[in-house]
Amino acid sequence: TTVQNYNIGDLVSGRIHLSGIVTDGNGIKTLTYSVDGGNEYELVDIKEHKDGSCSFSVPVDTTKMADGAAVCWFKATDKQGTTGLSSFLFFVDNTTPSTRFLSPKPDEVVNGIFSVAGSASDIVGLQSLTWDLNGESGEFELVAGNPYWIKEFDLRNYDKKNAVFTLTATDIAGNVRVEKLNIA
C-alpha cells in the first residue's frame, strides 16, 4: 500500500485525503484504514486497474486529532485471504500562528507618521506574513529566530478618523491567522 499524494512525515492540517495504490500478486479483495491506532478500521472503496493495482482515496479529518505525529494504518486483504498491514506517518498541525500587536496600543491615537509593530510566530514556522492598511499592502521579510516586525506609515493626508491595519500570518502547514488593529 503506497500513499502517493503525500510523503511520509509530511506536515498536514484540516481535512485531507490520502490517495494512492495498493497491489498484490493475487489481486486485492478489500482495503481498510484506521487513524485511531488500529482500534477501528473503515472499509475503503478501491478501483481496480488493468495492471491489477487498485487506487484508493481515504478522507482524514485532522481537526479531530491532536497536533503532532499521527499514523494511518492500512490493512489490505488479497483474493487468497492473506492480510498485509502497512502504515503511513504524518504530522498534524492545526494550530494557527500566534500574533501580537505591540504598537500602537488599542487606545492610542496616532497622528501623521507612525509605526505599527508586533510579533508573529508559529512552532513549525511561518510561510508568510502580510499586512494591509488603507489600500496599501505588503509582505514582511521572515527572519529565522526573529518574530518581530515593524512598518512605518504616513497618513498625514488621510481624512478619516480610523484606519484598520490587517495582519495575516500563514504557517508552513497552511494554517492562517488574521488579526485586525483599529487605529484612531
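Along the sequence shown, the residues carry numbers beginning at 1.
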Please report the C-alpha distance between Val12 and Tyr6 in whole Å, then the side-chain angles of each, then the deciding distance to 0.1 Å, and finally whether the side chain to side chain contact (heavy atoms under 4.5 Å, CB included) criterion is met.
CA-CA 9 Å; Val12 299; Tyr6 288 96; 3.7 Å; yes

Main-chain N/O of Ala173 paired to Ser13 side chain as donor or acceptor, under 3.5 Å:
yes

Under 4.5 Å between side-chain heavy atoms, hopping through other hydrophobics if needed: is there a path connecting Leu142 to Phe101?
yes

When rounded to the nearest 0.5 angstrom, what is the spacing between OG in Ser103 and CZ in Phe114?
9.5 Å

So CG of Leu181 and CG of Leu133: to nearest 0.5 Å the spacing works out to 9.5 Å

So does Ser19 get a backbone contact from the side chain of Asn5, meaning a donor-acceptor N/O pair under 3.5 Å?
yes

Residue from Thr96, Asp93, Ile172 passing side-chain contact (heavy atoms from CB on, under 4.5 Å) with Asp122
Asp93

Is atom CD of Glu139 surrounded by more than 12 heavy atoms (other residues, nucleotides or ligands) closer than 6.0 Å?
yes

Can you hop from Leu85 to Ile21 via hydrophobic side chains spaced under 4.5 Å?
no

Residue list, side chain to side chain contact (heavy atoms under 4.5 Å, CB included) with Lys29, at least two apart or on another chain:
Lys79

Does Leu11 share a hydrophobic cluster with Val71, counting links as ILVMFWY side-chain heavy atoms below 4.5 Å and allowing steps through other members?
yes

List the steps and the verdict of side chain to side chain contact (heavy atoms under 4.5 Å, CB included) for Val35 and Met65.
CA-CA 9 Å; Val35 291; Met65 303 171 136; 3.6 Å; yes

Is there a side-chain contact between Trp149 and Leu167 in this structure, where contact means two heavy atoms from C-beta onward sitting under 4.5 Å apart?
yes

Would you give the length of the straight line joining atom CG of Asn134 to atom OG1 of Thr166, rounded to the nearest 0.5 angstrom?
11.0 Å

Test of understanding: clusters of I, L, V, M, F, W, Y form through side-chain heavy atoms closer than 4.5 Å, transitively. Do Tyr158 and Val116 belong to the same one?
yes

So Glu152 and Ile113, do their side chains get closer than 4.5 Å, heavy atoms only?
yes

Answer yes or no: are there more than 12 heavy-atom neighbours, outside Glu40 itself, under 6.0 Å from its atom CD?
no

Partner of Asp67 by side-chain contact (heavy atoms from CB on, under 4.5 Å), out of Val124, Ile123, Thr95:
Thr95

Looking only at heavy atoms, what is the nearest atom pair of Ala66 and Val92, with distance?
O-CB, 3.7 Å

Any donor and acceptor pair, going by atom type alone, linking the side chain of Asn94 with main-chain N or O of Gly14 inside 3.5 Å?
yes

Minimum heavy-atom distance between Phe90 and Leu18, given as atom pair plus value:
CE2-CD1, 4.4 Å

I'd like to know if the side chain of Asn39 pairs up with that of Ser34 as donor and acceptor (distance under 3.5 Å, no hydrogens or angles considered).
no

Please say whether more than 12 non-hydrogen atoms of neighbouring residues, nucleotides or ligands are located less than 6.0 Å from CG in Asp45.
no

Can you tell if the side chain of Ile46 reaches within under 4.5 Å of the side chain of Glu48, non-hydrogen atoms only?
no

Is it the case that the side chain of Asp154 and the backbone of Arg156 share a donor-acceptor pair, with hydrogens and angles ignored and the cut-off at 3.5 Å?
yes

Could you walk me through whether Lys47 and Cys54 pass the side chain to side chain contact (heavy atoms under 4.5 Å, CB included) test, one step at a time?
CA-CA 5 Å; Lys47 179 182 177 189; Cys54 296; over 6 Å; no

Spatial distance of atom NZ (Lys75) from atom CD (Glu42) [nearest 0.5 Å]:
13.0 Å

Taking Asp10 for its side chain and Asn7 for its backbone only, find out whether a donor-acceptor pair lies under 3.5 Å.
yes

Inspect the surroundings of OH in Tyr148 and state if more than 12 heavy atoms from other residues, nucleotides or ligands are less than 6.0 Å away.
no

Quick one: are the ring centres of Tyr33 and Phe56 less than 6.0 Å apart?
no

I'd like to know whether Ile183 forms a side chain to side chain contact (heavy atoms under 4.5 Å, CB included) with Asn162, so could you lay out the CA-CA distance, the side-chain angles of the two residues, the decisive distance to 0.1 Å, and finally the verdict.
CA-CA 6 Å; Ile183 300 172; Asn162 293 307; over 6 Å; no

Contact summary for Tyr41 and Gly38, nearest pair of heavy atoms
CE1-O, 3.4 Å

Locate the shortest heavy-atom distance separating Thr1 from Ser86; write the atom from each residue and the value.
CB-OG, 3.2 Å

Which atom of Ala120 lies closest to which atom of Leu129, heavy atoms considered:
CB-CD1, 3.8 Å

Can you measure from CZ (Phe91) to CD1 (Ile8) and round to the nearest 0.5 angstrom?
10.5 Å

Nearest 0.5 Å please: distance from the OG1 atom of Thr23 over to the CG atom of Asp78.
11.0 Å

Where do Arg177 and Pro97 come nearest, in terms of heavy atoms and distance?
NE-O, 2.5 Å

Aromatic rings Phe165 and Trp131: how do their planes relate, parallel, tilted or perpendicular, breaks at 30° and 60°?
parallel

